[in-house]
Amino acid sequence: KETFVAIETDKEASQTDVKLLYKDYTEPKVTVTVQDYKDDLKQSLYSIMINNRLGELANSPTPPFTYGFSFHGGVGARTKEGYQSFAMTQDGKQLESLRVLVEENQRVKKFGFNESELERAKLQMLASSEKSYKDRDKTNSDRFVGQYQGNFLRKNPTPGIEWTYNAMPKLLKEIRVSDVNALIGNYLKDDNRVVVLTGPEKEGTKKPTEQEVLSILNNKMDNITAYNDVPVASSLLRKVPVAGKIEKKESNAKLGSTTLYLSNGAKVTYKKTDFKNDEVLMEAVSFGGTNLFSNEDYKKTQWASGALTEAGFSGLKTNDIKKFMSGKIASVSPYMYNISEGFRGSSTPKDMEYMFQMIYAYFTDLNLDKDAYEGFKVKQKSFYDNMAASPDAYFSQEFYGYLNKDNPRFTGIFPNEKNWQETDYELTYKKYKERFDNASDFEFFFVGNIDDKTMEDYATKYIASLPATGKKEKAVDLGFRLPKGNINKVINKGTEPKSKVVITYYGDASYNAKEALAMEALGEILTIKLTEQLREKESGVYGVNASGFLNKVPYGSFRFNISFPCGPENAEKLTQSALAELQKIIDNGPEATDL
């Protein structure tokens, strides 16, 4: 009858969480009939709609949590289900996050969802179902295994994607918004509740009390208002691009690829494949990157570059774009690395034009939004501050900090308060615009189920129309190198008897494609030998990994790593065993069976 509340902290906790659970009175209902499946669809629609609302709050200028979600489902035991609301939040904000979760649940209970929200949720489900259906002959075996396992353990039916694809549109058409709104009446209750708050144990952070938690849960929230569903945008672009043209077209018979040379100097290389029926992958690359920034500008922009996309484009906020893209499958993410800038993206063939429109918008019409940056900073600070409490994260910080101790641009793998104070969002935006002001320095690569005519149409309309200067940049080597010599570094952190060993070799090397493949193979072969020796013979590790690679830009270099977790008492002995296995390969080469 009472509500159970657990409030726990741990010095090594890497995130601050809130979990609210309303347990079902009855055991889970097994999906057997078509009506059962229709009921499952109602629950899925509910989850999509409530999570869209929670996502909008997480993307707001003053986010109550880093992310939040709600759903009805299993609670860790096969015989128990319940309605669950979860949030990952910032230190000191657990009560506020709990209040928002309770408030959003109560808003649904009091006012329900809107017809427009339901239609977007249906489109989202249909798009996902269509993608699965079109790739039904490419389904990974583990998907079948999972279905058979669910059938054996829980009597879940396995109708298959064809039946699902044909049945879903008909059943969704029958589901009304009132059907979905009715669910929350069974979800929310005053008894059979559990609240779990967990987070890092920190000096100066006040721990919530059970009474404060219960006070929020029992608040009737009479002043709550209905959700305002902002109209969906009509387009991803504010202006229609002026199409360029294709100057030259080349085919590479060996690779099976086609390259289009566009009028603004940009290149588009694409390859038609049949690995997936309903997928197109994209990457665009231009040399230059943040190595062209001064040391001072780099430090001011390093931690803000992730905020640029939070601002949206074409005058649309992130939430506007997400609403517009309901039922469409396409995404693009710009990036700025040390030696290059570019984009990564994917889409279905049907929605490929939206991917091209996003490329055009990120190139020409990225928003400048200080409020979006402030919201991004709140979430990032919380995430990184808590990550630093983890011994593994601390190890990485110390490890890379030591290797980069003479690097004038290195500020750590996690930003601290000083880094955030030095960060300049407007300068970051300006630097982004500089890096993406010249399409003639970009080459775009597309792989997937591609139609030649469609690719040519989109390339001329959305890529050949991009601004260009004709300037070609190169990857710049700033001259910094990791310290030389045989270095042994011991880092102590944490309360549990656990060690982590990292052995790394590095240096300059002439790049050669064959050597690069050999170095990769060496990592796989050594992983086999280390597993046999350290795990199977010495019983010292659960898992061990070795990997090697060569780099071509900005200078020829190599890296070879061995890493494994183990008990502190075995760290030195296992390190020597690992080095001995490597030495055997150095002396004798790999064994034929391993190769």
Side-chain angles (χ1 to χ4, degrees), residues 31 34 37 40-41 44-45 47-48 51 71 73 120-154 156-172 251-260 268-285 322 325-333 342-359 444-459 517 520-521 524:
T31 301
V34 172
Y37 177 64
D40 291 345
L41 291 179
S44 297
L45 291 166
S47 294
I48 290 171
N51 291 331
F71 71 100
R120 288 197 300 273
K122 287 181 178 181
L123 287 173
Q124 192 172 324
M125 289 182 69
L126 290 169
S128 178
S129 174
E130 182 181 24
K131 183 169 173 59
S132 297
Y133 177 74
K134 287 183 176 178
D135 275 325
R136 62 193 181 280
D137 60 331
K138 315 287 185 184
T139 305
N140 288 336
S141 299
D142 60 2
R143 289 284 299 275
F144 294 113
V145 171
Q147 289 180 51
Y148 296 147
Q149 187 180 22
N151 178 263
F152 177 79
L153 294 173
R154 296 180 293 275
N156 291 348
T158 55
I161 184 58
E162 290 191 43
W163 184 89
T164 304
Y165 174 71
N166 290 316
M168 186 183 286
K170 299 170 190 171
L171 294 174
L172 286 179
S251 295
N252 185 321
K254 189 175 179 183
L255 289 178
S257 62
T258 303
T259 299
L260 309 176
V268 172
T269 297
Y270 67 93
K271 178 181 169 72
K272 292 193 277 188
T273 65
D274 59 2
F275 303 123
K276 291 283 183 76
N277 301 325
D278 206 35
E279 183 177 79
V280 177
L281 302 178
M282 177 276 295
E283 180 149 5
V285 185
K322 285 187 174 178
M325 291 301 295
S326 294
K328 308 173 185 75
I329 299 177
S331 65
V332 170
S333 299
F343 300 96
R344 287 198 182 91
S346 65
S347 73
T348 61
K350 184 176 75 172
D351 294 325
M352 196 163 69
E353 186 168 11
Y354 296 112
M355 179 168 65
F356 276 84
Q357 289 178 352
M358 288 178 186
I359 293 169
F444 295 80
F445 300 92
F446 296 86
V447 175
N449 185 0
I450 297 167
D451 174 73
D452 293 290
K453 176 71 167 59
T454 303
M455 176 57 70
E456 291 180 14
D457 287 348
Y458 293 162
L517 183 61
E520 251 187 86
E524 295 192 28

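- Side chain of S132 to backbone of S128: a donor-acceptor contact under 3.5 angstrom is found.
- Between D135 and D278 the shortest heavy-atom distance is OD1-N, 3.2 Å.
- Side-chain atoms of D452 and Y270 form a donor-acceptor pair, as typed in the model, at a separation below 3.5 Å.
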Take N156 and Q147, measure what side-chain contact (heavy atoms from CB on, under 4.5 Å) needs, and give me the verdict at the end.
CA-CA 8 Å; N156 291 348; Q147 289 180 51; over 6 Å; no
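- Separating the NZ atom in K322 from the OG atom in S331 is a distance of 11.5 Å, to the nearest 0.5 Å.
- Using modelled atom types, one side-chain atom of T139 and one backbone atom of R136 make a donor-acceptor pair closer than 3.5 Å.
- When all heavy atoms of A330 and S347 are compared, the closest pair comes out as CB-CB, 3.8 Å.
- In E524, the CD atom is not crowded: 12 or fewer heavy atoms of neighbouring residues, nucleotides or ligands sit closer than 6.0 Å.
- Separation of atoms CG (L45) and CZ (R120) is listed at 12.5 Å; rounding is to 0.5 Å.
- Between P159 and T164, the closest heavy-atom pair is CG-OG1, 4.0 Å.
- Between T269 atom OG1 and M455 atom CE the span is 10.0 Å, to the nearest 0.5 Å.
- Minimum heavy-atom separation, M125 to S44: CE-CB, 3.8 Å.
- In this structure, the side chain of N51 engages the main chain of S47 through a donor-acceptor pair within 3.5 Å.
- Although no hydrogens or angles enter the test, the distance criterion places a donor-acceptor pair under 3.5 Å between the side chain of N277 and the main chain of K134.
- Scanning all heavy atoms of the two residues, the minimum distance from S129 to I161 falls at O-CD1, 4.1 Å.
- D40 contributes atom CG, which lies 3.5 Å from atom OG1 of T31 (distance to the nearest 0.5 angstrom).
- At distances below 3.5 Å, at least one donor-acceptor pair connects side-chain atoms of N252 with backbone N or O atoms of L255.
- Annotation for R344: atom CZ counts as buried by contact number, over 12 foreign heavy atoms lying within 6.0 Å.
- Between the side chains of N151 and T158, not a single donor N or O lies within less than 3.5 Å of an accepting N or O.
- No close placement of the F356 and F444 rings is indicated, their centers lying 6.0 Å or farther apart.
- Heavy-atom minimum distance, P349 versus N449: CG-O, 3.5 Å.
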What verdict does the side-chain contact (heavy atoms from CB on, under 4.5 Å) test give for Y37 and M168, after you've listed the backbone C-alpha separation in whole Å, the side-chain angles of each residue and the deciding distance to 0.1 Å?
CA-CA 9 Å; Y37 177 64; M168 186 183 286; 3.5 Å; yes
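- With hydrogens and angles disregarded, a donor-acceptor distance shorter than 3.5 Å links the side chain of K122 to the backbone of L172.
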M358 and M325: side-chain contact (heavy atoms from CB on, under 4.5 Å), yes or no, with the steps?
CA-CA 11 Å; M358 288 178 186; M325 291 301 295; 3.7 Å; yes
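- Side-chain atoms of K131 do not come within 3.5 Å of backbone N or O of T348 as any donor-acceptor pair.
- Looking at N140, its side chain never comes within 3.5 Å of a backbone N or O of D142 through a donor-acceptor pair.
- Annotation: the span from T273 atom OG1 to K271 atom NZ amounts to 7.5 Å, rounded to 0.5 Å.
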Would Y458 and F446 count as a side-chain contact (heavy atoms from CB on, under 4.5 Å) here? Give the steps.
CA-CA 12 Å; Y458 293 162; F446 296 86; over 6 Å; no
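- Atom NZ of K328 and atom CD of E353 lie 11.5 Å apart (nearest 0.5 Å).
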